[in-house]
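Naming convention: chains lettered A, B, ... in sequence-line order (proteins, then strands); numbering from 1 in each chain.
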Amino acid sequence: MHKILPELRAQFANHAAVVLSAPPGSGKTTVVPPALLAEPWLAGSTILMLEPRRLAARMAATFMAKQLGEEVGQTVGYRVRFEAKVSKATRVEVVTEGVLTRRMQDDPELTGVGLVIFDEFHERSLQADLALALCLDVMSGLREDLKLLIMSATLDTGAVSTLLNNAPVVMGAGQSYPVGVEYCRAGQLPQPQPQPREIAKQVSATIHRALAEQPGDILAFLPGGAEIRHTQALLNAALPSAEIAIHPLFGDLSLAAQTAAVQPDRQGKRRIILATPIAETSITIEGIHTVVDSGWKRSPQFDPNSGLSRLTTQRISRASATQRTGRAGRLGPGYCYRLWSLGEEHGLKPFDPPEILSADLSQLVLDLARWGIHAPSGLRWLDPPPPGHFAQAQEVLHALGALDQQNRITPLGRKMAELPTHPRLGLMLLGAAKQGASSLACDLAALLGERDIIKGRDRSADIEDRLHALAAFRSDGPAAAKALGADTDGCRRVIQTSRQLWEHLPKPARTKGDAPAKTAAAATAAAATAGELLALAFPDRIGQRRALGQGQYKLTSGRGAVLPAHDRLAAHEYLTVAELDAGRIEGRIFLAAPLSKEALMILFAPRLQREEKVFWEEQSGSVKGQRVVRLEELVLATAPLAKPSAEAVLTALLSGIRTLGLSVLPWSEKATELRARLQCLHLWQPDGGWPDLSEAWLLENLEQWLAPYLSGIRNAEQLKKLDLAAILTALLDWKYQSQLDREAPTHLTVPSGSKVRLHYTPGEPPVLAVRLQEMFGLADTPRICNNAVTVLLHLLSPAQRPMQITQDLRGFWEGAYHEVKKELRGRYPKHHWPDDPWQAQPTRRIKPRK
DNA sequence: CTCTCCCT
């Protein structure tokens, strides 16, 4: 690493920004900052170095101080949450990401800072991307002398170099040992979202191979807790526990369990560590010889439609695979089994997508608003925040009162941004202060900001459980908290965070009698309940129980969410849901608190919508009226409405008819025939001005033709009294009425003198069903509609059986009649079946009158 | 079937 220092110095003499690419283990983090301190351009100013984790910041600063023969806090210091070791003499200050963004908000010029170093920039955390964008903004105006160094292990150096106006890229060499890589699968990439059991099977089989083929300890990378549990169960069933120790390792484990996993085994057993990606960068495990990489990881994906994130199991990137493999080569040559094929590897993304593309952006958007930026385009980004995610965050912040109509920060938003917590929780803290409930609010915000203090799969989502554990910890110590199922290190962290939030609260808000709770009784006797306070932060996540016993809730937005199975929170009709996974169809509730209906009504009083709802109730087939109180999609209260307005009744009635269809109306024979005749005329004379009485038109235009007759009607029964024939007739003026009778008559007079009904079906010729004998002597098929439409004759036997269907009567007499005649003579011998139908007397009788 | 980190 020392070899590249001259080049680094030379590049900084001519450039404002330099990119340093060097693999892990190269020592860049601790070698570079002290080496640059003596550069003339840094005279009188300091270096600020950004680390992604507190532990890394502390360790880097401590190591550098030791190299200089000093205590940390002299020339080299650090500043992380809860802890600062810096002095006036400090020239290298190692900070974590949140500290830097806060500092830039308070001192945008970065007074006294000559160089900002971004370490581990390839991790592309949201905060690091934001800090870089802010630095570039500062450099383009306020601080043209500020310099940047981007340090990274496996970075797409081209993109960042381009962003930094073609900054030079300096390449450093690593010092790690060779690791043999074996691809264990041929064939296709497994399905997206693979089953945990499938992954566990593959990983445990490969661990068996590794035990046989390789010496030393094994580190396996799995996507999450479920796969780790399954793998552990498979291995436990097959391996002798006397020789082999299996350790799960993931962030949700207690500190003690994590420590046990990273330390060498006391009895000298071989270790198998089953880890999430926490072992990729955050936790280093010494003595690993073999890595088994499942190739999967689980990560949150923000969905701007729901405003929620959901966990998805995804393929890792090639960069991540390299990082995982490297974990086997820290102390000596190692070996890595990859559970995919070399061919599949080309399908992997080269790098992990940056967090800014998949995270909830509300905190970032609030920070930017404070900076004066209201759109992604206001800054230069390596990857700009997605516009949809950005807009969703603005919407949330606007609803919380942090942004105004123009998306500028409000005074309230400024106060929220001052608090070291998510804007939602910031709003809760400020609101709670007014109610004298600050201490409870601090505990809630701390609980939600830190890992859950209650572990285990069968934990309840009830946040009160956590509050009780905290209270027990405070009054009776760690053992009391542990007895309630809480993790004591977790409790300590939450209490520390809670205290820090308390100290950040505006002074007048911290009234007497609202000091941090000391006992469980004090916590429960607070001025507001957890559910009420959380409702300030999550007004869009009030849950209303759908049905008793199912644990299913409907949220304010209308989305569904479900409690863990058998959770006793399901006894409550209303919940404030603080943490949930968006899920595929239904969300899953992880943390929530009960909320009384009374409190809900008071809390949301200004936002309740009161409306009189008049609607068609299918069950009773009638119009019903209700007074409804709603909170967006939640119906909180209903009461019958005695006298709904006539207008509302009509609207509901019409919608009921539309739902049930035209058949709900009393279609008498007369009305049906009239409608058919008019429909036929509409088809035959498209420009004739006839109304279109198709089902679609009638339903569409109920207001026009039916509504005038509906006054006083409220149910299906009353509809039966309508005279539809009269109503349809009223659609025609007198001229059209007589034209109707002329062109689509109800009856035709046939040669026998009978008036025979015509049957109309839209789209078909009108049918005249008449006994054959009555038509003797008629040559031309009757026509209607100004002779434009030929009637379809159904010529019947004396017993009304159709003998012939035709539109050509002349042709019938001359041809088919003679065949038909023979048959008729056989069946109806008493009737007269003449050989010459032209001359025969048409008749309704058996024999013609003489 | 609950990823991981972080905050003057």
With a 4.0 Å cutoff (strictly under), does any side-chain N or O of A/Thr276 reach OP1 or OP2 of B/dT4? yes
If you compare every side-chain N and O of A/Arg298 against the phosphate oxygens of B/dC3 (OP1, OP2), does one of them come in below 4.0 Å? yes
Just how far, in rounded Å, is P of B/dT2 from CG of A/Leu580? 14 Å
Return the CG to CG distance between A/Asp452 and A/Asp252, rounded to the nearest 0.5 Å. 7.0 Å
Check every strand shown and say whether A/Glu418 touches a base, only sugar-phosphate, or nothing at a heavy-atom separation below 4.0 Å. base
Do side-chain atoms of A/Glu355 reach the backbone of A/Ser125 as a donor and acceptor pair under 3.5 angstrom? no
By nearest heavy atom, map A/Gln195 and A/Leu249 onto DNA chain B; which one lands nearer the 5' end? A/Gln195
Between CD of A/Glu280 and P of B/dC5 the distance, given in whole Å, is 11 Å
Among B/dC1, B/dT8, B/dT4, find the nucleotide with the atom closest to the side chain of A/Arg588. B/dC1
The nucleotide from B/dC6, B/dT4, B/dC7 with an atom nearest the side chain of A/Arg451 is B/dT4
Out of B/dT4, B/dT2, B/dC7, minimum distance to the side chain of A/Arg459 belongs to B/dT2
Testing B/dC3, B/dC6, B/dT8 for proximity to the side chain of A/Pro300, the answer is B/dC3
From the options B/dT2, B/dT8, B/dT4, select the nucleotide whose nearest atom is closest to the side chain of A/Asp106. B/dT8
Nearest-nucleotide pick for A/Pro196, side chain only, options being B/dC1, B/dC5, B/dT8: B/dC1
Interatomic distance where CD1 belongs to A/Ile356 and C1' belongs to B/dC5 [whole Å]: 16 Å
Here the distance between atom C1' of B/dC3 and atom CD of A/Glu579, to the nearest Å, is 12 Å
Have a look at A/Leu311 and say if it touches a base, only the backbone sugar-phosphate, or nothing, with a 4.0 Å heavy-atom cut-off. base
Phosphate oxygens OP1/OP2 of B/dC3: is one of them under 4.0 Å from a side-chain N or O of A/Gln314? no
Report the distance from atom OH of A/Tyr78 to atom C1' of B/dC7, rounded to the nearest whole Å. 16 Å
Using a cut-off of strictly less than 4.0 Å, decide whether A/Arg53 has a side-chain nitrogen or oxygen near OP1 or OP2 of B/dC6. no
With nearest nucleotide decided by heavy atoms, which residue, A/Leu591 or A/Gln127, maps closer to the 5′ end of DNA chain B? A/Leu591
Between C1' of B/dT2 and NE2 of A/His230, the distance in whole Å: 14 Å
A/Thr96 side chain N/O closer than 4.0 Å to the phosphate oxygens (OP1, OP2) of B/dC6? no
Assess whether a salt bridge exists between A/Arg124 and A/Asp129, defined as any Lys/Arg side-chain N lying under 4.0 Å from an Asp/Glu carboxylate O. yes
Which part of the nucleic acid, if any, lies within reach of A/Glu123 when heavy atoms closer than 4.0 Å are counted: base, sugar-phosphate only, or nothing? nothing
Starting at CG of A/Leu55 and ending at P of B/dT4, how long is that distance when rounded to a whole Å? 16 Å
Per A/Arg229 side chain, nearest of listed nucleotides B/dT8, B/dC6, B/dT2: B/dT2
Distance, rounded to the nearest Å, where A/Leu357 contributes CG and B/dC3 contributes P: 22 Å
With distance as the sole test, does A/Arg229 use its side chain to make a donor-acceptor pair with the main-chain N or O of A/Pro248 at under 3.5 Å? no
Judged by atom type as modelled, is there a donor-acceptor pair below 3.5 Å linking the side chain of A/Asp383 to the main-chain atoms of A/Pro354? no
Side chains of A/Gln314 and A/Thr312: donor-acceptor distance under 3.5 Å anywhere? yes
Report the nucleotide, chosen from B/dC5, B/dT2, B/dT8, that has the shortest atom-to-atom distance to any side-chain atom of A/Val99. B/dT8
